[in-house]
Structure formats: structure tokens, C-alpha cells
Amino acid sequence: MLEPQTKVTFLSTGSAVPEAGYDTVSFIINGKYLVDTGWYAAIKMLEYGFSPMGLEYLFITHCHHDHYIGLPHLLFYLSMRRRDYPDRLPLKIVGPAEDIERVVKSARFFLQTHRFPAIDYAPDIIPIQPGQSYQDQVFCIDTCTTIHPVQGLCYRFTDKNTQAVVSFTGDTAYHPSIADHVKGSHFLIHEASYGAENPKPGSSSGHSGAEQAASIAGDANVNLLALVHCQQNQAQSALTAAQKIFPNTIFPYDGQTVRWTNCDNNS
């Protein structure tokens with residue numbers, strides 16, 4: 001009998017406006033839990049061998065356009081394929097309490113479900129305030145706030161089958177208290193929108209540089225750091241800058257999977 005694994009597959013790692021062939025950051029945990037939708041996560045799932053019909057949860061880190069713009073596409077796919085999966089439970093969407101219900105409602109309206117009710121797909125919405133937790137039988141999540149122009153959630157995801165901990169920040173400015181929240185994680189996925197540079201003091205952009213992400217990883221004593229949400233032409237310089245502070249850093253390529261068995265990293 002195979003030991004249970006925790007697997008994170010990166011569908012995309014790009015910036016808010018990705019280059020051709022790429023997408024804004026989005027990844028999937030254990031083939032069931034999608035984090036953000038990028039511009040077209042449903043199609044990226046198919047590209048890497050995952051069926052959107054296998055999704056149980058969608059975690060939205062925050063409701064800026066590049067992190068949910070693919071939501072109407074995903075809901076439309078689930079609607080159009082549901083006849084083949086009559087026993088499938090509704091997708092559960094977890095996200096920031098200030099915005100998630102409005103964004104999901106808007107996504108459904110965009111699909112003109114008031115004109116075409118047959119294609120409407122009604123997910124279960126789970127609003128979360130920063131600091132709140134949520135769990136089901138196989139995982140639990142704990143959250144803290146981020147520094148960003150809209151309400152954001154930094155998630156700490158614990159797989160109950162392996163006890164592996166995967167933490168992901170979404171978009172955030174450098175926020176030292178995140179290190180306490182993600183402390184001891186096996187894997188930290190941290191944005192690095194500024195690449196090898198750091199934002200100017202007092203910047204209101206709500207984004208981080210690679211060195212700042214590496215500082216969080218070091219302070220939190222995580223096992224592995226992944227940089228995301230960076231332009232492709234800045235990826236290598238961002239990686240080099242981060243590794244000087246936190247050597248066990250990667251910049252994932254699209255389709256890359258990181259695995260744990262009994263909390264051992266086998267990336």
C-alpha cells in the first residue's frame with residue numbers, strides 16, 4: 001500500500017499580466033484543492049493532467065482581478081460537464097470575507113445565468129476573516145492577514161494524512177508577522193513581484209521582493225521556499241537574490257510538482 005503524499009503542482013507562476021504562454025500564479029494541492037484561478041486555471045489544469053471535475057475546494061487568497069479572473073471559466077466548465085458527474089458535490093470556494101461572496105456572484109452574472117439558467121453553477125461559499133480557521137476531514141487551514149490594498153488571507157494548509165504544512169501568502173508587502181504564522185512549514189509559497197529588487201520604503205503597492213520573501217522563510221524556519229508572481233525575465237535574478245539569504249529556494253516552472261511523504265521533502 002502506497003504511503004499518503006502531499007503534492008503541490010504549479011499550474012503557473014507569473015505576474016498580474018503574464019507573458020504569452022504563461023499565466024498568473026495558480027497551483028493545485030493533491031489534485032483537489034485549487035489556489036487562485038489566474039486567467040485560465042481550468043485549462044492549465046487540463047494541460048497538466050488534472051480534471052476540474054476533481055476539484056473539491058478553491059482557495060482565493062484575495063480578490064484582485066488576476067487572482068480570480070479565471071473563475072467564470074471554471075464555473076462554466078463545471079456547469080457544462082456536470083451531467084457526466086451526477087453525484088459530484090458543489091465546489092466549495094473559500095476566500096476573504098469582505099469580497100468573496102460579491103466576486104462569486106459577479107462571476108455568475110458575467111455568465112448571464114439570469115438569461116441562461118441551465119448553465120448556472122452555484123458553489124458553496126465559505127467567507128473567512130483573517131485569523132479564522134477552517135477544517136474538514138482531511139485538511140485544516142489557518143489564516144492571517146496580509147498587507148495589500150484589498151483584504152487578503154495568508155493560508156497555512158495542513159494535510160492531516162501526512163501532517164505536511166503548505167503555507168501560501170498570496171499578494172502581500174513585507175509583513176514580518178507572517179513568519180510567526182507560517183513557522184515550521186514544510187513549504188512556503190511567497191510572492192516576489194519586485195523580483196531581485198525591494199519596493200521603496202513607504203510603497204503602497206502591497207507587494208514584496210525576493211529578498212523579503214527569503215527573510216520571511218528564514219525567520220519562519222521553513223524547509224523550502226518557492227518564489228512566485230514575478231515576471232519571467234526577472235525569475236533568475238530573483239532566485240539568485242533569495243538564495244543568498246535562504247539557500248533552499250526555488251522558482252517553480254509551470255507543471256512542476258513538489259511532494260512530501262510523511263513530511264519528507266522529495267521535490
Side-chain angles (χ1 to χ4, degrees), residues 8 10-13 16 23-42 44-45 52 54-79 89-111 113 120-136 138-159 165-173 175 178 181-182 188-191 193 206-207 228-229:
V8 177
F10 290 90
L11 304 177
S12 49
T13 60
D23 193 11
T24 304
V25 58
S26 180
F27 53 92
I28 188 167
I29 303 173
N30 293 344
K32 300 178 181 179
Y33 315 119
L34 179 64
V35 178
D36 289 339
T37 67
W39 290 46
Y40 59 107
K44 293 289 283 186
M45 286 183 65
L55 288 177
E56 296 180 5
Y57 283 84
L58 166 62
F59 299 106
I60 298 290
T61 59
H62 66 290
C63 291
H64 266 160
H65 312 80
D66 53 316
H67 293 261
Y68 74 81
I69 198 169
L71 180 57
H73 312 161
L74 177 61
L75 296 180
F76 185 67
Y77 188 99
L78 296 176
S79 171
L89 296 175
L91 178 70
K92 298 178 177 65
I93 301 180
V94 180
E98 286 186 2
D99 298 314
I100 192 63
E101 290 178 295
R102 181 179 65 255
V103 163
V104 173
K105 181 179 179 180
S106 297
R108 294 169 67 189
F109 184 80
F110 174 79
L111 294 173
T113 53
D120 193 15
Y121 185 91
D124 293 337
I125 305 173
I126 303 168
I128 297 286
Q129 292 285 357
Q132 290 183 330
S133 299
Y134 174 85
Q135 64 178 314
D136 75 358
V138 295
F139 73 84
C140 64
I141 56 169
D142 301 289
T143 67
C144 76
T145 192
T146 63
I147 298 180
H148 206 54
V150 298
Q151 187 180 65
L153 299 173
C154 173
Y155 290 87
R156 180 186 178 99
F157 176 100
T158 302
D159 186 335
V165 178
V166 179
S167 296
F168 40 97
T169 65
D171 288 1
T172 184
H175 190 25
I178 284 178
H181 179 66
V182 305
L188 171 62
I189 302 166
H190 197 297
E191 75 118 290
S193 297
H207 288 289
V228 295
H229 210 268

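Numbers for residues simply follow the sequence, beginning at 1. Quick caveat: nothing in here was measured; it's all calculated off a predicted structure.
The stretch residues 91-101 participates, sequence neighbours left out, in these salt bridge (Lys or Arg N to Asp or Glu O under 4.0 Å) pairs: Asp99-Arg102.
Applying the side-chain contact (heavy atoms from CB on, under 4.5 Å) criterion to His181, with sequence neighbours excluded, gives Asp142, Cys144, Cys154, Arg156. When the side chain to side chain donor-acceptor pair (under 3.5 Å) test is applied to Thr24, the partners found at least two apart in sequence or on another chain are Trp39. With sequence neighbours excluded, the residues forming a side chain to side chain donor-acceptor pair (under 3.5 Å) with Ser167 are Ser185, listed by chain and number. When the salt bridge (Lys or Arg N to Asp or Glu O under 4.0 Å) test is applied to Asp136, no partner is found at least two apart in sequence or on another chain. Under the ring-ring contact (aromatic ring centres under 6.0 Å, His included) criterion, His73 pairs with no residue at all, not counting sequence neighbours. Partners of Thr143 under the side-chain contact (heavy atoms from CB on, under 4.5 Å) rule, at least two apart in sequence or in another chain, are Ile128, Leu153, Tyr155. Contacts of Ser26 classified as side-chain contact (heavy atoms from CB on, under 4.5 Å), with partners at least two apart in sequence or in another chain: Leu11, Ser12, Leu34, Ala41. Gln129 pairs by the side chain to side chain donor-acceptor pair (under 3.5 Å) definition with Gln151, not counting sequence neighbours. Legend: residues meeting side chain to side chain donor-acceptor pair (under 3.5 Å) with His62, ordered by chain and number and at least two apart, are Asp171. Residues passing the ring-ring contact (aromatic ring centres under 6.0 Å, His included) test with Phe110, sequence neighbours excluded: none. Every residue meeting the side-chain contact (heavy atoms from CB on, under 4.5 Å) condition with Phe76, not counting sequence neighbours, appears here in chain and number order: Met80, Leu111, Ile119.
For His190 and His229, the gap between ring centers reaches or exceeds 6.0 Å.
Annotation for Thr169 and Glu191: closest pair OG1-N, 3.4 Å, computed over non-hydrogen atoms.
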Please lay out, stage by stage, how Leu78 and Leu91 fare under the test side chain to side chain contact (heavy atoms under 4.5 Å, CB included). CA-CA 9 Å; Leu78 296 176; Leu91 178 70; 3.9 Å; yes

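At a threshold of 4.5 Å between non-hydrogen side-chain atoms, the residues His67 and Thr37 do not count as touching. Looking at Ile126 and Tyr57, their side chains come closer than 4.5 Å, going by heavy atoms from C-beta outward.
Using bins of under 30°, 30° to 60° and over 60° for the plane-to-plane angle, the ring pair Phe59/Phe139 lands in the perpendicular bin. Taking the six-membered ring where tryptophan is involved, the planes of Tyr33 and Phe157 are tilted, since the angle between them lies from 30° to 60°.
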